[in-house]
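In this text the structure is predicted, and so the values were computed from the model without any measurement.
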Amino acid sequence: MAKGDNSMAFWVFGYGSLLWNPGFTPKQTVRARLHDYHRSFCMLSIHHRGSEEDPGLVLALDAQKGGQCTGVAFEVAEDEEDAVLTMLRERELISSAYYEDTVNLISDEGETIPALAYIINRDHVQYCQFDLEKQAQIIAFAVGGRGPNTEYLFNTADHLTQLGIHDADMDWLVQRVRALTAT
């Protein structure tokens with residue numbers, strides 16, 4: 001895990017909802033990339049953005065040789081490390097679909113940042129692989145304990161744009177979900 005002795009800062013990698021709702025005030029934020037993974041709507045959400053009867057979709061880091069995911073490394077203030085780790089585990093590990101791991105991020109300046117990341121467990125029942133149209137159909141109408149799946153998509157896409165991170169699949173999903181939900 002990215003929390004070690006006092007000489008090592010505690011960093012968390014945000015690539016989805018953590019971008020716009022980290023749940024804590026970071027000491028600093030740094031744009032960073034993770035190699036051999038990609039951001040993917042590959043996790044059925046049965047709690048936060050959907051239900052067991054009508055699952056939504058949320059983003060996860062999915063292993064992909066040669067892949068790359070650009071997001072944000074959040075440094076956690078030393079006096080908040082335990083509280084932040086507890087909060088993140090309650091939020092992200094609500095089921096065992098994600099697992100925690102320490103990954104090495106590369107900042108835009110070329111610095112290596114060891115960070116805590118939540119990665120999809122491909123053997124979990126919530127792991128899925130759908131084409132973009134099916135993803136859009138699910139996201140357009142699912143609602144969970146934290147609100148509509150559309151809110152998750154739109155907030156994440158907006159924050160990626162603000163950070164200058166281009167994601168063609170995300171752009172397509174935003175346009176398609178807007179079309180599906182237009183009244």
CG of Leu44 to CD1 of Ile138, rounded to nearest 0.5 Å, is 6.5 Å
Within the structure provided, determine whether Leu153 and Met170 are in side-chain contact (heavy-atom separation under 4.5 Å). yes
- Among side-chain atoms of Arg39 and Thr70, is any donor-acceptor pair under 3.5 angstrom? no
field: Validation row: Asn149, Val143 side chains within 4.5 angstrom (heavy atoms)
entry: no
Taken to the nearest 0.5 Å, the spacing of Ile113 CD1 from Ile106 CD1 works out to 8.5 Å
Rounded to the nearest 0.5 Å, the CG atom of Asp101 sits from the OH atom of Tyr37 at a distance of 6.0 Å
Q: Treat each ILVMFWY residue as a node, draw an edge where side-chain heavy atoms are under 4.5 Å apart, and state whether Phe130 and Phe141 are in one component.
A: no
Test of understanding: clusters of I, L, V, M, F, W, Y form through side-chain heavy atoms closer than 4.5 Å, transitively. Do Leu180 and Leu173 belong to the same one? no
Side chains of Leu85 and Glu100: closer than 4.5 Å at any heavy-atom pair?
yes
Taken to the nearest 0.5 Å, the spacing of Asn21 CG from Thr156 OG1 works out to 10.0 Å
Give a yes/no verdict on a cation-pi contact between Arg89 and Tyr98, requiring under 6.0 Å between NZ or CZ and the six-membered ring centre and an angle within 45° of the axis.
no
Applying salt bridge (Lys or Arg N to Asp or Glu O under 4.0 Å) to Asp108 and not counting sequence neighbours gives Arg31, Arg33
Between Pro55 and Ile46 the two heavy atoms that sit nearest each other are CB-CG2, 4.2 Å
Point to revise | Donor-acceptor under 3.5 Å (Asp36 side chain, Lys65 main chain) | key: no
- [ ] Consider only side-chain heavy atoms of I, L, V, M, F, W and Y, link residues closer than 4.5 Å, and tell whether Val58 and Tyr99 are in one cluster.
- [x] yes
Nearest heavy-atom contact between Ala140 and Thr181 is O-CG2, 3.5 Å
Q. Would a 4.5 Å heavy-atom cut-off, applied to side chains only, mark Leu93 and Tyr118 as touching?
A. yes
| request: Walk me through it: do Leu57 and Cys42 pass the test side-chain contact (heavy atoms from CB on, under 4.5 Å)? | output: CA-CA 7 Å; Leu57 282 174; Cys42 64; over 6 Å; no
- Item | Side chain to side chain, Leu61 and Cys69, heavy atoms closer than 4.5 Å | yes
For Phe74 and Pro26, the nearest pair of non-hydrogen atoms, with its separation, is CD2-CG, 3.3 Å
Under a 3.5 Å threshold, yes or no: a donor from one side chain and an acceptor from the other, between Gln126 and Asn121? no
Take Leu105 and Thr112 through the side-chain contact (heavy atoms from CB on, under 4.5 Å) test and state the conclusion after the steps. CA-CA 6 Å; Leu105 306 175; Thr112 299; over 6 Å; no
- Donor-acceptor side-chain pairing of Ser96 and His124 below 3.5 angstrom: yes
Closest heavy-atom pair, Ser107 versus Val30, reported as atoms and distance to 0.1 Å, is CB-CG1, 3.6 Å
In this structure, CG of Leu116 is separated from CG of Leu88 (nearest 0.5 Å) by 6.5 Å
- Query: Any donor and acceptor pair, going by atom type alone, linking the side chain of Tyr152 with main-chain N or O of Leu59 inside 3.5 Å?
  - Reply: yes
Gln64 meets the side chain to side chain contact (heavy atoms under 4.5 Å, CB included) criterion, sequence neighbours left out, with His38
| message | Assess the residue pair Arg49 and Glu151 against the criterion (salt bridge (Lys or Arg N to Asp or Glu O under 4.0 Å)); give the C-alpha distance rounded to whole Å, side-chain angles, the decisive distance to 0.1 Å, and a yes or no. | response | CA-CA 9 Å; Arg49 298 297 172 168; Glu151 176 187 63; 2.7 Å; yes
Which word best sums up how the rings of Trp20 and His159 line up, parallel for under 30°, tilted for 30 to 60°, or perpendicular for over 60°?
-> tilted
Would you check, one step at a time, whether the test side-chain contact (heavy atoms from CB on, under 4.5 Å) holds for Leu18 with Glu92? CA-CA 10 Å; Leu18 288 175; Glu92 302 298 330; 4.1 Å; yes
Give a yes-or-no answer on whether the side chains of Tyr127 and Asp62 include a donor-acceptor pair shorter than 3.5 Å.
yes
Between Phe10 and the options Glu78, Glu81, Glu80, the side-chain contact (heavy atoms from CB on, under 4.5 Å) test singles out Glu81
Here the pair of heavy atoms bringing Pro22 nearest to Met87 is O-CE, 3.4 Å
Would you call Lys27 and Val76 a side-chain contact if the rule is heavy atoms closer than 4.5 Å?
no
Rounded to the nearest 0.5 angstrom, the CG-CZ distance for Asp169 and Phe41 is 10.0 Å
Val103 and Ala117 have their tightest heavy-atom pair at CG2-CB, 3.8 Å
Residue pairs passing the side-chain hydrogen bond (donor to acceptor under 3.5 Å, both in side chains) test with at least one member in residues 131-147, sequence neighbours excluded, are His48-Arg146, Glu133-Gln137, Glu133-Arg176
